[in-house]
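One-based numbering, in listed order, for ligands and for the atoms of each. Predicted model, so just to flag it, every value in this text is computed and none were measured.
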Amino acid sequence: MDLQKRTWAEISLGNIEHNYRVIRGHIPEGTKFLGVVKADAYGHGAVEVSRLLERLGADYLAVSCLDEALELRDAGIKMPILILGHTPPRYVPILIENDITQTVTCEAKAIEFSDEAVKCGGTLRVHIALDTGMSRLGFLCDRHHFAEGVKNVISAVRMPNLDAEGVFTHFAVSDEPGEDNERYTRAQFELFTRVIEASESAGGFRFRIKHCANSGAVVNYPEFALDMVRPGILLYGYGGEGKLDLRPCMDLMTTVSTIKHYDEGVSVSYGGIYKTTRHTRMGVLPIGYADGLLRALSGRFSVMTPAGAAPQVGRICMDMCMVDLTELPEVNLDSLVEIFGSRNPLQPIAEAAGTITYELMCSVSKRVPRVYK
Ligand SMILES: *Cc1c(COP(=O)(O)O)cnc(C)c1O
């Protein structure tokens, strides 16, 4: 690909493979591995990452919506794919035709999916989502909802033309430290297994795949692995709190397009939030918030040049931003600049933006070509 040497993201498939093996080594042998590749594999490219996971012997993929699932099928990915989010019931024939597994989040949805499957004469493979405390999607089953939850799960499993292959829940605080969070997570797990046991024994069926462990649980509660784990962020090298030997997989790169020299007291970029305090050698980088470099980071982080860190100054614009190169005379036009990645850690940059690593990786926009190593 001709990069035009503007701005690009280098994706290390080797590091994703490394992370996959580290996670595999951390969970009980025989546990299935679902790789979460939603949101274009957290910005890394869903097709490339899925091809790699398929080759490495992963068991399942998860995406958030039908378009993401179809992108993988169109690229020739044959592995089972679970849609974690909403699909309007009229697309059931497409789900069946493309052998895609759909999450069922409540009894009303189960009825709609079943009706559509009966109409088209196929069987829809589904996973039942239980809400054990995330309070987002899933069958309510806590406290006084328990009996009703079990009854609704059994009724969904028995509906015609649905094949309830799996059941899962999602943790709210498995990645947060502290006793309260541990208690909350253990209570979620305990409720999850109780609802499953009650449903299976009263309903006389068995779920083939029970799963609950997102990245936080894989790291902190490997004993919750059950039949399958469901990590996302760990695959991409973050979220392990240093407990696993993970490697970042995306280097967001740009170059120096222009160098300007300013006197002291010159106001730089929109809003004039920055004024030079000395004679300043200023680099203009061809990356801005339309590439995914959040405007909220303006003046709050440094980029990494071959000669060291350079502070970003002034408002980040849509398509470019400025860095102070006064202390780095070695940096010149066309010098390579790392915004974040292996030489410029993402975690502190995410903190400076008041967000998490996930959001900064997902924000890298379509305009930024991905280059695979
Ligand atoms: C996104 C998602 C995951 C992966 O979360 P990570 O924190 O990246 O591991 C797992 N399960 C569900 C239901 C999700 O939505």
Would you be so kind as to tabulate the donor-acceptor pairs closer than 3.5 Å made by side chains of residues 231-244, with sequence neighbours excluded?
unit_1	atom_1	unit_2	atom_2	d
Tyr236	OH	Val36	O	2.8
Lys243	NZ	Asn220	OD1	2.6

Would you mind writing out the side-chain donor-acceptor pairs for residues 348-360 within the sub-3.5 Å range, not counting sequence neighbours?
unit_1	atom_1	unit_2	atom_2	d
Glu351	OE2	Gln347	NE2	2.8
Thr355	OG1	Glu359	OE1	2.3

Do any side-chain atoms of residues 71-83 form donor-acceptor pairs under 3.5 angstrom with protein atoms, and if so which ones, sequence neighbours left out?
unit_1	atom_1	unit_2	atom_2	d
Arg73	NE	Asn98	O	2.7
Arg73	NH1	Ile77	O	2.6
Arg73	NH1	Met79	O	2.9
Arg73	NH2	Met79	O	2.9
Arg73	NH2	Asp99	O	3.0

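Electrostatic pairing of Glu165 and Lys210 does not count as a salt bridge here, judged by no charged N lying under 4.0 Å from a carboxylate O. Note on Asp324 versus Arg278: salt bridge recorded, some NZ/NE/NH1/NH2 to OD/OE distance being below 4.0 Å.
Aromatic ring centres of His86 and Tyr91 lie farther apart than the 6.0 Å criterion allows.
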Give every pair formed by an N or O atom of ligand 1 and a protein N or O atom closer than 3.5 Å, one pair per line with both atom names and the distance to 0.1 Å, or write none.
unit_1	atom_1	unit_2	atom_2	d
ligand 1	7 (O)	Tyr358	OH	2.6
ligand 1	8 (O)	Tyr42	OH	2.5
ligand 1	8 (O)	Ile233	N	2.8
ligand 1	9 (O)	Ser215	N	2.8
ligand 1	9 (O)	Ser215	OG	2.5
ligand 1	9 (O)	Gly232	N	2.9
ligand 1	11 (N)	His170	ND1	3.4
ligand 1	11 (N)	Arg230	NE	2.8
ligand 1	11 (N)	Arg230	NH2	3.2
ligand 1	15 (O)	Lys38	NZ	2.7

